[in-house]
Amino acid sequence: MARVIVDVMLKPEILDPQGQAIARALPRLGFSSVADVRQGKRFELELPGPATEETLAEARKIAETLLANTVIEDFHLHIEEDA
Amino acid sequence: MARVIVDVMLKPEILDPQGQAIARALPRLGFSSVADVRQGKRFELELPGPATEETLAEARKIAETLLANTVIEDFHLHIEEDA
Amino acid sequence: MTLDSVKRALQSPDERMPFAELGMKEDEYQRVKEILGRRPTGSELAIYSVMWSEHCSYKSSKVHLRQFATKAPASEALLVGMGENAGVVDIGDGWAATFKIESHNHPSYVEPHQGAATGVGGIVRDIMSMGARPIAVMDSLRFGGLDQHDTRRVLPGVVEGISHYGNCLGLPNIGGEVVFDPCYIGNPLVNALCVGLLRKDQIKLATAPGPGNKVVLFGARTGADGIGGASVLASATFEDESQAKRPAVQVGDPFMEKLLIECCLELYQADVVVGIQDLGAAGVSCATTELAAKGTGGMAVDLNLVPLRDPTLRPEEILMSESQERMMAVVTPEDIAAFMAICEKWDVPATVIGEVTDSGRLTMTWDGEVIVDIPPGTAADEGPVYQRPFHEPAGQAALNTHVELARPDDLRATLLQLLGSANLSSREWVTSQYDRYVRGNTVLAQPADAGVLRISESMPGADETTRGIALATDGNGRYAKLDPYAGAQLALAEAYRNVAVTGATPLAVTNCLNFGSPEDPEVMWQFAEAVRGLADACKTLGVPVTGGNVSFYNQTGAAAIHPTPVVGVLGVIEDVARRVPSGFTAANLRVVLLGD
Amino acid sequence: MMRVGVVTFPGTLDDQDAARAVRLAGAEAVPLWHADHDLRGVDAVFLPGGFSYGDYLRCGAISRFAPLMEELIPAAKAGLPVLGTCNGFQILCEAHLLPGALTRNAGLHYLCRDQGIRVENNATAWTGQFDQGQEILLPIKHGEGRYVADAATLAELERAGRVVFRYTGGNPNGSLNDIAGICNEAGNVVGLMPHPEHAVEELTGAPSVDGRGFFTSILKKLVTA
Ligand SMILES: Nc1ncnc2c1ncn2[C@@H]1O[C@H](COP(=O)(O)OP(=O)(O)O)[C@@H](O)[C@H]1O
């Protein structure tokens, strides 16, 4: 069993109202040390068998075509060990 | 500048309708190798200065009280290097 | 892990069973043993404990609720009364409406978003199970003070949950209430109402007749939702304290429910359903026992066939799981292929898990062994009934002493204070999060006193009728606290007026009775008085109660919420185009005050 | 009679409203099913709102891979008139028939209200019966309607007059340039967040019948084409 993690974040130039709302709430809650917050998505894909070149390539394709909207989002992909 | 990443995922026993909808869609799109999908959130917190014990403790507290709903979600926190 | 089969139960008659942990009283447990002539298996105990819970058996309220039937006014409109999933009313021209209000209070405190969302999901399935298309929802909400800290967590979560689930189902939200009072701080009330439409000759009932007919479980797979208590049963030994409690929070999937709605309607259209029941709080336990009890009386189920989201679930847990978005249908063998094809079209998983029998017993197997063998009626209908003691609260008279209020010096300041108060402020923050337009039949919604829906385009074949229905919910815990008898009547009177002012004739009543602990005689007095008041008022106004829901134990420690009977009234308007909107529509009209 | 297809995906909600609006305008509403590779010879297509596939992942992300979309995408590129409202607009963007994307409302809440919009381009297939600059009232009801696109795309949309509708009287969701709706280069594909199908009758829906213009526009266009 291999687990591929796909992190999807809004591109830096796209407004992230959720992250901003959190950043604005923090000082009110007494947390003063955070300069900025961004919120994105994390997907965990379970692939049967070990992570091979091919499964990784497939995961990348899934991320590109479905999990991320590359018009507004960037994604990053890695394998999680000892899943 | 330190960047703390907080990954928030639904607890394994909690229904994840989003992940399920994606998992069901994949075979229709011609992706057959994925056994399961879970969808969660990823937060990037920017902290001024280096990541110290205290900032990490504060980030943990933020995750616990604000970013994750610990009734149904688990969270995991790490520092991203070279942010 | 040893399987607690019937065979094993016979061999180990003295094994300690964790009935108390499951909320069952000693004498109730003894009754189960009497019924079965042996100790129950873990699975049987799961069934009885949940079916005999306050929530499912109405054991504390039953003796009072009977007045709704005994005092019920004669009504030609009533097609299905109390006792089914929801009441059904004849609205003319061959059409019927079914409606009911139900609480999801405690889950909404634990996890506001999911608790409220699954509250909407549950009541919508009740309406579907009558054979109807759900056409609108309403919600009646009570929160702690707006300035109390926890309200900031509960209020947005609840509203978002209702908004997300209802909007996703494509059901317009046509009204409701939001009230703030510090008494609800640890016990918010989330009462959701759903109304559905059906042809009056196509009512479906929760019954499993016809030996040989198939029992189909369809919708979402079963997971560990809401089975905190059941994990005691599933642990290796019942003493096993280390067994981590499984989660109690149920998570809703409105997308699956939307598919279920469309799937059910197509199943009804194809006429391939003999009986149907939604899976609510008591899940598979409730659906199997109730269907069997109201049908031929027997059912044989293979629990291994229940599709699981979590493959480690034990049979006791499967029986008690509260996983959402599931339904159970009884289908003839000839229709099963057609049934499955429709489910497949809508991507709704469906599995035959058993069969109707004429054995008079509900039996279930697991890994080939019999783990349940009970007369289903004993679980579904013959639960305990309590005559709980009640007496007037000590301070009741003092509450009602007349106080002379001083006339405020500064009327302007008083007015501003009133306008700015939480309970008089605009509700737009809430209502703007609800879709009131979807389905295109909303004639009146917020801010009208009652929601009004057009019938003609709500279902295929209804084009001829000019009729509409109107619905309102009301309740005032402060009135009811001062005088529960009159308070319940005022709630009815208000909802009745709100329906009447749209031009509709009130026809039927549903109610959700939110109270503290029935084990407190003072709370029980409030309850008894409220029910008596509501039943009397229904008789006077000539509208029958067609169903409802009781929510007890809304209290923190010794402090109960105000008694809060919430009343929903449904009315019919013959020509919906003639509904009367509120507000002044033109200049130079006369303003008349009616009543005194 | 002109035949306008109305698409139903799992989770589509406004399909019956859309069909009604088409019928009221005097055309035939033809149901199109997401799983069919078949446009049934319709003259135009309406992608109505809802929460297709629960809007899980991203609004419209899963729907755009439906078999029907495999037929619709080339047909739209070849000139078939297509209108997407709300979730339909989101699907058109995900399918790259329209540029940009719709993201979470700036206010972070789902918002249902009657909203003023201005018709900025009355030369599209769906807006011919409006006056240029006409202000109309339509309901909006969405949680993810904030239109975003990169600066170059935005500039091109503005330059080419492809911003078809703009919010007036307050931007409800933080859309860039107050954009409520846009079209493709040819003007046959239009997407907008507001709901014309909920503003076609006096008795029900929003206090406006401005939505009728969309349907009379397309019928006029089809008849004269
Ligand atoms: N307050 C009440 N007034 C009238 N009928 C009630 C009330 N509470 C419950 N009932 C009726 O008792 C029956 C059982 O209710 P309930 O257990 O809520 O149904 P379900 O099995 O769908 O949860 C229903 O017919 C319901 O309408």
Side-chain angles (χ1 to χ4, degrees), chain A residues 1-10 12 16 18-68 73-76 78 80 83, chain B residues 1-10 12 16 18-68 73-76 78 80 83:
Chain A
M1 225 25 188
R3 173 179 288 175
V4 179
I5 308 296
V6 182
D7 291 322
V8 176
M9 300 298 291
L10 283 170
D16 171 18
Q18 310 194 71
Q20 291 198 344
I22 295 166
R24 273 198 308 270
L26 288 176
R28 281 203 305 270
L29 301 178
F31 301 112
S32 51
S33 68
V34 180
D36 194 19
V37 180
R38 305 220 16 118
Q39 175 171 346
K41 296 175 193 155
R42 172 187 163 95
F43 299 91
E44 299 181 354
L45 310 182
E46 303 284 346
L47 305 167
T52 62
E53 284 288 311
E54 288 92 63
T55 45
L56 254 183
E58 178 150 336
R60 176 170 301 280
K61 213 155 153 218
I62 291 172
E64 218 163 56
T65 50
L66 187 66
L67 302 182
E73 293 168 328
D74 292 326
F75 69 92
H76 179 85
H78 67 277
E80 198 171 75
Chain B
M1 234 3 201
R3 172 179 289 175
V4 179
I5 308 295
V6 183
D7 291 321
V8 177
M9 301 298 291
L10 283 169
D16 172 14
Q18 314 206 56
Q20 290 202 346
I22 297 167
R24 275 202 306 268
L26 288 176
R28 283 201 303 271
L29 307 184
F31 301 113
S32 51
S33 68
V34 180
D36 195 18
V37 180
R38 306 225 8 124
Q39 175 172 345
K41 296 176 195 151
R42 173 188 163 94
F43 298 91
E44 300 182 353
L45 310 182
E46 304 286 347
L47 305 167
T52 61
E53 284 290 311
E54 290 90 64
T55 46
L56 256 183
E58 177 150 337
R60 175 169 303 280
K61 210 148 157 227
I62 291 172
E64 222 163 55
T65 51
L66 194 62
L67 305 182
E73 294 169 328
D74 291 327
F75 68 91
H76 179 86
H78 68 275
E80 198 172 75

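Naming: A, B, ... by sequence-line order, numbering from 1 per chain. Excluded from the calculations below are hydrogen atoms, water molecules and symmetry mates; all remaining heavy atoms, backbone and side chain alike, are included.
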Check: Between A:Val8, A:Val4, A:Val6, A:Ile62, which has the largest tally of heavy atom pairs under 4.5 Å with chain B?
Finding: A:Ile62

Checklist line | Under-4.0 Å salt bridge between B:Arg42 and B:Glu80 | finding: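 B:Glu80 and B:Arg42: salt-bridged.
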
Notebook entry, point to check: Quick one: side chain to side chain donor-acceptor pair (under 3.5 Å) partners of A:Thr52, sequence neighbours excluded?
Noted result: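 With neighbours one apart ignored, the set is A:Thr55.
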
Item checked: Under 4.5 Å from any heavy atom of chain B - which part of A:Leu66 ->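 Looking at A:Leu66, just its side chain touches chain B.
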
Check: Which atoms of A:Ile5 come close to chain B, meaning under 4.5 Å heavy atom to heavy atom: side chain ones, backbone ones, both, or neither?
Finding: neither

Would you list the atom pairs, donor with acceptor, under 3.5 Å between side chains in residues 20-39 of chain B and any protein atom, with sequence neighbours excluded?
residue: B:Ser33; atom: OG; partner: A:Glu58; partner atom: OE2; Å: 3.1
residue: B:Arg38; atom: NH2; partner: B:Lys11; partner atom: O; Å: 3.0
residue: B:Arg38; atom: NH2; partner: B:Ile14; partner atom: O; Å: 3.2

Notebook entry, point to check: Are any of the side-chain heavy atoms of A:Arg60 and A:Phe75 separated by less than 4.5 Å?
Noted result: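 Yes - at least one pair of side-chain heavy atoms lies under 4.5 Å apart.
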
